[in-house]
There are 2 protein chains.
Amino acid sequence: MADGAAGPAPGPAPGPAPRRRRTAPDGAKGRARRRDVIAAATELYGEVGYRSASLREVAARAGLSHPGLLHHFGTKEALLLAVLEQRDEDDTVAFVEGRRGVAALAGMVDIVERNTHRPAIVELFCVLSAEATAPDHPAHDWFRRRYETVLAFAADAYRAAAEDGHLRAGVEPEDAARRLVALMDGLQVQFLYDRAGTDMVARLRDELRAELTVPLP
Amino acid sequence: MADGAAGPAPGPAPGPAPRRRRTAPDGAKGRARRRDVIAAATELYGEVGYRSASLREVAARAGLSHPGLLHHFGTKEALLLAVLEQRDEDDTVAFVEGRRGVAALAGMVDIVERNTHRPAIVELFCVLSAEATAPDHPAHDWFRRRYETVLAFAADAYRAAAEDGHLRAGVEPEDAARRLVALMDGLQVQFLYDRAGTDMVARLRDELRAELTVPLP
DNA sequence: CCTACCGATCGGTAGG
DNA sequence: CCTACCGATCGGTAGG
């Protein structure tokens, strides 16, 4: 993961020295600035999406001018990709952590549990993943790949659970993966409209209890 | 339903005759115009959301100028509410149709089946429902109520199924309703990223097969 | 990293 | 229902 969401990207092209680096290794101060800007963008993208979020508003929340922001990220699109890259890094740690079968499925529930207390992340994914269904959206390919990756991870987990004799007869790993991921996404929407009334973790555990022959840890 | 999504609305206020009606009863020609504009807006909102959709682009697709559009709808927000009202009318017919229990659940699957062939509607709901999670979004209350209504409808259906002896032991109607609606929403997102690989109807039937003691019609 | 500016586009109005 | 226009805001650049 942490690939950076491909796309041809206009690129530096041959010519004089590149005027602007897209990942400024300015040292500690620059890295802290970038971190603050990415945090502000994550928040605002979750509130109004990428398209409606202005560089000026992101910059103001991070405490600098919008040309100052562009000094660090180059273009609006590069900022979006930086936000997504950051998400990749954070999640990969929680995700890939060598778990398999039922433990891997429990790990997915853990991520949802964690997100219950980080609504900004829930908003970010909910709003961006919907906005980016448009094929020309700059995050479209990133989300398409993300779904491929997550669905494959879940299907592997179900397959391993079956090998361990922990999956009920008739539960197809690939179909169950589609349902589980859909359930996670749909519960996030309900959660954002009614936080008190939507127990995402409990509903996921309902689903897994019906599919598995062993209780979740 | 078909309430029009409340909100205080600046309103006409006392004073001289209102200069502009928000629902122009211009006769057949006006009604046809309004229909075309609503269709164009439905399409564009599904592509880029409400906030990023310009009145000029909607108007161009409907074949009139943007002040022409505003003659019919008054404000950008009024156009959005007209689109949602139209959705209410269309769905109420398919929905409330006096079915109960397992037949009502089957009716929800039928709606998804129908939407498989109307991707513009899927996009509209997917994109708008995510965008409108922001509390200050003009469609926020409409979606909040819609979820309440749909969740209550599904819970009623599960309860009736239980009365009929068609629900497996241990399936809680309200929890199952949350899961079913989440599944519908989440599958729509997967569908928009991978139409060929996402069989929404089959995955919903998987879920209902695990919950019911009788097969779906 | 700032101020100042650019051309483009936005929702809405004037006036007919 | 149109043309023409308004003030505001957009992403990005110049220049320092």
Side-chain angles (χ1 to χ4, degrees), chain A residues 9-10 12 16 18-37 40-41 44-45 47-83 131 136-139, chain B residues 9-10 12 16 18-37 40-41 44-45 47-83 131 136-139:
Chain A
R19 303 193 324 278
R20 179 176 288 129
R21 50 205 163 208
R22 40 178 54 236
T23 304
D26 282 349
K29 251 179 304 185
R31 224 174 301 117
R33 270 295 200 196
R34 283 177 56 87
R35 202 212 315 117
D36 291 348
V37 171
L44 186 60
Y45 291 169
E47 291 171 24
V48 303
Y50 162 73
R51 270 192 268 243
S52 296
S54 76
L55 292 176
R56 282 166 175 84
E57 176 66 20
V58 174
R61 292 186 183 200
L64 77 172
S65 68
H66 95 273
L69 187 158
L70 285 170
H71 166 75
H72 288 289
F73 293 94
T75 68
K76 189 186 183 189
E77 201 172 311
L79 173 58
L80 172 61
L81 298 183
V83 167
E131 188 185 40
D136 65 335
H137 192 285
Chain B
R19 305 193 323 277
R20 179 176 288 128
R21 52 209 161 206
R22 41 178 52 237
T23 305
D26 282 350
K29 251 178 305 184
R31 224 174 300 117
R33 270 295 201 197
R34 284 176 56 87
R35 202 208 319 115
D36 291 348
V37 171
L44 187 60
Y45 292 170
E47 292 173 23
V48 302
Y50 163 73
R51 270 192 267 243
S52 297
S54 75
L55 292 176
R56 281 165 174 86
E57 176 65 20
V58 175
R61 292 186 184 200
L64 77 171
S65 67
H66 95 273
L69 186 158
L70 285 169
H71 166 75
H72 289 287
F73 293 94
T75 66
K76 189 186 182 189
E77 199 171 314
L79 172 58
L80 172 62
L81 298 182
V83 167
E131 189 185 39
D136 66 334
H137 192 284

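To find a chain, count down the sequence lines: A is the first, B the second, and so on, and within it residues start at 1.
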**Request:** Using a 4.0 Å heavy-atom cut-off, write out nucleotides 5-12 of chain C from 5' to 3' as B (base contacted by protein), S (sugar-phosphate only) or - (no contact).
**Result:** B----BBB
**Prompt:** Atom NE2 of B/H71 to atom P of C/dA14: distance rounded to whole Å?
**Reply:**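 So the two atoms are 16 Å apart, to the nearest Å.
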**Message:** Rounded to whole Å, please give me the gap between CG in A/L69 and C1' in D/dT13.
**Reply:**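 Going from CG in A/L69 over to C1' in D/dT13 covers 15 Å.
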**Message:** Using OP1 and OP2 only, check whether a side-chain N or O of B/S65 sits under 4.0 Å from D/dC2.
**Reply:**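 Yes.
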**Message:** I'd like to check the side-chain hydrogen bond (donor to acceptor under 3.5 Å, both in side chains) partners of B/E77; sequence neighbours left out, ordered by chain and number.
**Reply:**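 B/E77 satisfies side-chain hydrogen bond (donor to acceptor under 3.5 Å, both in side chains) with no residue once adjacent residues are dropped.
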**Message:** Run the salt bridge (Lys or Arg N to Asp or Glu O under 4.0 Å) test against A/R35 and tell me which residues pass, sequence neighbours left out.
**Reply:**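 Applying salt bridge (Lys or Arg N to Asp or Glu O under 4.0 Å) to A/R35 gives none.
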**Prompt:** For A/R61, what residues pass the salt bridge (Lys or Arg N to Asp or Glu O under 4.0 Å) criterion, not counting sequence neighbours?
**Reply:**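 With sequence neighbours excluded, A/R61 shows a salt bridge (Lys or Arg N to Asp or Glu O under 4.0 Å) to A/E43, A/E47, A/E57, given in chain and number order.
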**Request:** List in chain and number order the residues that pass ring-ring contact (aromatic ring centres under 6.0 Å, His included) with B/Y50, two or more places apart in sequence or in another chain; answer none if no residue qualifies.
**Result:**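 B/Y45, B/H137.
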Nearest 0.5 Å, what's the [atom1]-[atom2] distance between [X] and [Y]?
X	Y	atom1	atom2	answer
B/H72	B/R33	NE2	CZ	6.0 Å
A/L69	A/D36	CG	CG	11.0 Å
A/K76	A/R51	NZ	CZ	9.0 Å

**Complete:** Annotated structure of DNA chain C as dot-bracket, pair cut-off 3.5 Å, Watson-Crick or G-U only, | for inter-strand, is ||||||||||||||||
**Asked** Looking at A/L64, A/L79, A/V83, which one forms a side-chain contact (heavy atoms from CB on, under 4.5 Å) with A/V58?
**Response**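 With A/V58 as partner, side-chain contact (heavy atoms from CB on, under 4.5 Å) holds for just one option, A/L79.
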